Amino acid sequence: MKVQRPKGTVDILPGESGSWEKVESIARNFFKRANYREIRTPSFENYEVFSRSSGETSDVVSKEMYDFNDKGGRHIALRPEGTAGVVRAYVENKLYGPDVVKPFSVYYIDNTFRYERPQAGRQREFHQIGVESFGSDSPLADVETLMMAHDLLAELGVKNYELHINSLGNAQVREAYHDALVNYFTPVKDQLSEDSQRRLSQNPLRILDSKDERDKKFLPNAPKIVDYLDDESRKSFKTITDMLEQLGINYVMDDDLVRGLDYYTGIIFEFMVEDKNLWESATTILGGGRYNHLVEEFDGPETPAVGFGIGEERLMLVLKEQNPDLFQEEGIDFFITNIGAGTEFKAVEVARSLREQGFSAQYDVDQKKLKQQFRKADRVHATFVITLGAKELENGVLNIKRLSDGKIIDLSLEDINNMQDVINKLED
RNA sequence: GCGGAAUUGGUGAAGUGGUUAACACACCGGUUUGUGGAUCCGGCAUGCGUGGGUUCGAUCCCCACAUUCCGCCCCA
């Protein structure tokens, strides 16, 4: 049978999985220091969990959802984003209860699915690293989220990104602004691009970031969301941006920034990276915002919340260019070669002992010629080679060689039990 | 979902309507089964994405499909 992976999926092979491990462990460690704990939710949910939260007319729901009916006739969807499932779990497990410390803050590293045409940095199965924090409407919670996003990218080694922020305000603001946009664009509808004519009825906000020249000429005079913000949103937004400045976090006010999901209220933001080697135009690697009504939408109590998600594949593409250290192949500490009758089992024992001492060690299960064993040691980037020869072993002697410069010293069998001392001796 | 390009071994690739598909790297074996990264010698695609068709004959022409990449839509 000829086999092939499904379109839009990738195998992360051992040559690369180490880099993923490093990135994820940096993230986990980072979240731990901020006291965000991990949450793991199902890869699939009932279809409505996503359709209701993201919005029926959003692209994610209307054309990118990976959904199917299971054998019990349930309408299931693979998660297209991380937030909805976490909110569902928050409500279902009554994490809003008084015995849970607020804010309730979690992170996740999950696979995620969208049915789309694949491109570089866009797959049908991909991974998101995200955080969500429930229970606080304070601007400090927004700042916390933004600061974490910024500092995590910095710690990972992402360099040339730009933080774009905007505020969508509460539901009434969005509605008023929505109407203002419709009123503004409807008289000139015939002059808009086909895409924007469609957007006008489905999601007029999206017209704002159109790349079509026919639409662009109407944008400068289009209504601005800031003019529709209520006092409270305005004040909160100001507090947030003031703090960002004091924290030394650069940002760009972006009136045209709209996010693809309907559930956002208040601040929204994206970290965009521009790199001509990777993408024609600036690409978002991290996006997020405040969503104060999603918990209610799932029949939970009124609970403000804020979070962000990082596209891990895109992050990896950027890091490969900007922090190549993360992608260096790691070798092993010891390779044990052996030659002569009765030495092969000793090699097994020595490897076991070294591993117990915390070193990485390998021996040649194929028992090739000594020369081949050395070649293999090179290929696995061993730092040291220990050689067990039949003649020497009779006298309890063996030797160790440092591959970088060929330095060799003799050891006794007992030295194996304390290799750190041997290494120190070699370094002298 | 729409438009475009690509698809030859483990990798980078050359190539032609007709007997053995170039070259390079990598890999494997040998070069005194006891010490690697060098040299030299040898091996390494019955096969040119998959399935059809045209032809005496196709990797090379035609069609369909698949996958990848690029742009659009949208997004991570």
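Just so it is clear, the structure is predicted and the values come from calculations on it, not from any experiment. Naming: A, B, ... by sequence-line order, numbering from 1 per chain.
A76(B) atom C1' lies 15 Å from atom CD1 of Ile109(A), rounded to whole Å. Between the P atom of U35(B) and the CG atom of Leu388(A) lies a distance of 15 Å, rounded to the nearest Å. To the nearest angstrom, P of G37(B) lies 16 Å from NZ of Lys376(A). As rounded to whole Å, 19 Å separates atom P of C72(B) from atom CD1 of Ile207(A). Rounded to whole Å, atom P of C75(B) lies 18 Å from atom CZ of Arg124(A). A straight line from CD of Gln373(A) to P of G37(B) spans 14 Å, rounded to a whole angstrom. One atom, NZ of Lys369(A), and another, P of C28(B), lie 13 Å apart when rounded to the nearest Å. Atom pair Gln197(A):CD and C73(B):P shows a separation of 15 Å (rounding to whole Å applied).
For Asp325(A), the side chain to side chain contact (heavy atoms under 4.5 Å, CB included) test picks out Asn323(A), with sequence neighbours left out. With sequence neighbours excluded, the residues forming a side chain to side chain contact (heavy atoms under 4.5 Å, CB included) with Lys368(A) are Asp364(A), Asp366(A), Gln372(A), listed by chain and number. When the ring pair (Phe, Tyr, Trp, His ring centres under 6.0 Å) test is applied to Phe113(A), no partner is found at least two apart in sequence or on another chain. For the ring pair (Phe, Tyr, Trp, His ring centres under 6.0 Å) test, residues two or more places apart in sequence or in another chain that qualify with Tyr107(A) are Phe31(A).
Atoms OG1 and CD, on Thr186(A) and Gln197(A) in that order, are 10.5 Å from each other to the nearest 0.5 Å.
Contacts classified as ring-ring contact (aromatic ring centres under 6.0 Å, His included) and involving residues 190-224 of chain A (residues at least two apart or in different chains) are not found. Residue pairs meeting the salt bridge (Lys or Arg N to Asp or Glu O under 4.0 Å) criterion with at least one member in residues 384-396 of chain A, sequence neighbours excluded, do not occur.
Nucleic acid contact for Leu286(A): sugar-phosphate only, since backbone atoms but no base atoms lie under 4.0 Å from a heavy atom of the residue. Within the nucleic acid shown, Gln367(A) has no heavy atom closer than 4.0 Å to any nucleic acid atom.
Under 4.0 angstrom from either OP1 or OP2 of G29(B) there lies at least one side-chain N or O belonging to Lys368(A). Side-chain N/O atoms of Gln123(A) include none lying less than 4.0 angstrom from OP1 or OP2 on C75(B). Put simply, Arg379(A) has a side-chain N or O that comes within less than 4.0 Å of OP1 or OP2 on C27(B).
Remark: the separation of the P atoms in U54(B) and C62(B) is 15 Å, to the nearest Å. Comparing C63(B) with A5(B), their P atoms sit 12 Å apart, to the nearest whole Å.
Under the 4.0 Å criterion applied to side-chain N and carboxylate O atoms, Arg352(A) and Glu349(A) are not assigned as salt-bridge partners. Look at Arg52(A) and Glu48(A) and you find no salt bridge, because none of the NZ, NE, NH1 or NH2 atoms lies under 4.0 Å from a carboxylate O. Salt bridge Arg79(A)/Glu45(A): absent, no basic N to carboxylate O contact under 4.0 Å.
Where Gln128(A) and Phe374(A) meet RNA chain B, the nucleotide closest to each residue was compared, and Phe374(A) sits on the side nearer the 5' end. Annotation: of the two residues near RNA chain B, Thr9(A) and Phe271(A), the 5′-most nearest-nucleotide partner is Thr9(A).
Which of G34(B), C70(B), C69(B) sits closest to the side chain of Pro118(A) comes down to C69(B). Relative to the side chain of Gln119(A), the nucleotides C75(B), G71(B), U35(B) differ in distance, and G71(B) lies closest. When distances run from any side-chain atom of Arg5(A) to the nucleotides C73(B), U68(B), G34(B), the shortest one goes to U68(B). Of all nucleotides listed (C74(B), A76(B), G29(B)), C74(B) comes nearest to the side chain of Glu64(A).
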Decide salt bridge (charged side-chain N to carboxylate O under 4.0 Å, His left out) for Asp378(A) and Arg375(A); before the verdict, give the C-alpha distance in whole Å, the side-chain angles of both, and the deciding distance to 0.1 Å.
-> CA-CA 5 Å; Asp378(A) 270 328; Arg375(A) 273 211 200 131; over 6 Å; no
Full working for side chain to side chain contact (heavy atoms under 4.5 Å, CB included) between Leu146(A) and Tyr251(A) = CA-CA 10 Å; Leu146(A) 277 159; Tyr251(A) 63 89; over 6 Å; no
Output a table of donor-acceptor pairs, distance under 3.5 Å, between side-chain atoms of residues 335-345 of chain A and any protein atom two or more places apart or on a different chain; print 'none' if there are none.
from      : atom 1 : to        : atom 2 : distance (Å)
Thr337(A) : OG1    : Ile386(A) : O      : 3.3
Thr337(A) : OG1    : Thr387(A) : OG1    : 2.9
Asn338(A) : OD1    : Gln367(A) : NE2    : 3.0
Asn338(A) : ND2    : Thr343(A) : OG1    : 3.0
Asn338(A) : ND2    : Gln367(A) : OE1    : 2.8
Thr343(A) : OG1    : Gly340(A) : O      : 2.7

Only pairs under 3.5 Å count here: list side-chain donor-acceptor contacts from residues 12-24 of chain A, not counting sequence neighbours, and write none if there are none.
from     : atom 1 : to        : atom 2 : distance (Å)
Ser17(A) : OG     : Pro14(A)  : O      : 3.4
Ser19(A) : OG     : Leu326(A) : O      : 3.3
Lys22(A) : NZ     : Leu326(A) : O      : 3.2

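Put simply, the residue from Leu398(A), Leu413(A), Asn399(A) that forms a side-chain contact (heavy atoms from CB on, under 4.5 Å) with Leu388(A) is Leu398(A).
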Dot-bracket for RNA chain B, 5' to 3', counting Watson-Crick or G-U wobble pairs under 3.5 Å, with [ ] for crossing pairs and | for inter-strand pairs?
-> (((((((..(((.....[....))).((((.........)))).....(((((..]....))))))))))))....
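Listed by residue number, the members of residues 399-409 of chain A with any heavy atom below 4.0 angstrom from RNA chain B are Asn399(A), Lys401(A), Leu403(A), Gly406(A).
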Using nucleotides 64-66 of chain B, report all nitrogen or oxygen pairs with the protein that are shorter than 3.5 Å.
from   : atom 1 : to      : atom 2 : distance (Å)
A66(B) : O2'    : Gln4(A) : OE1    : 3.3

Check nucleotides 1-7 of chain B against the protein and report each pair of N or O atoms closer than 3.5 Å, with its distance, or say if there are none.
from  : atom 1 : to        : atom 2 : distance (Å)
C2(B) : N4     : Arg117(A) : NH1    : 3.2
G3(B) : O6     : Arg117(A) : NH2    : 2.9

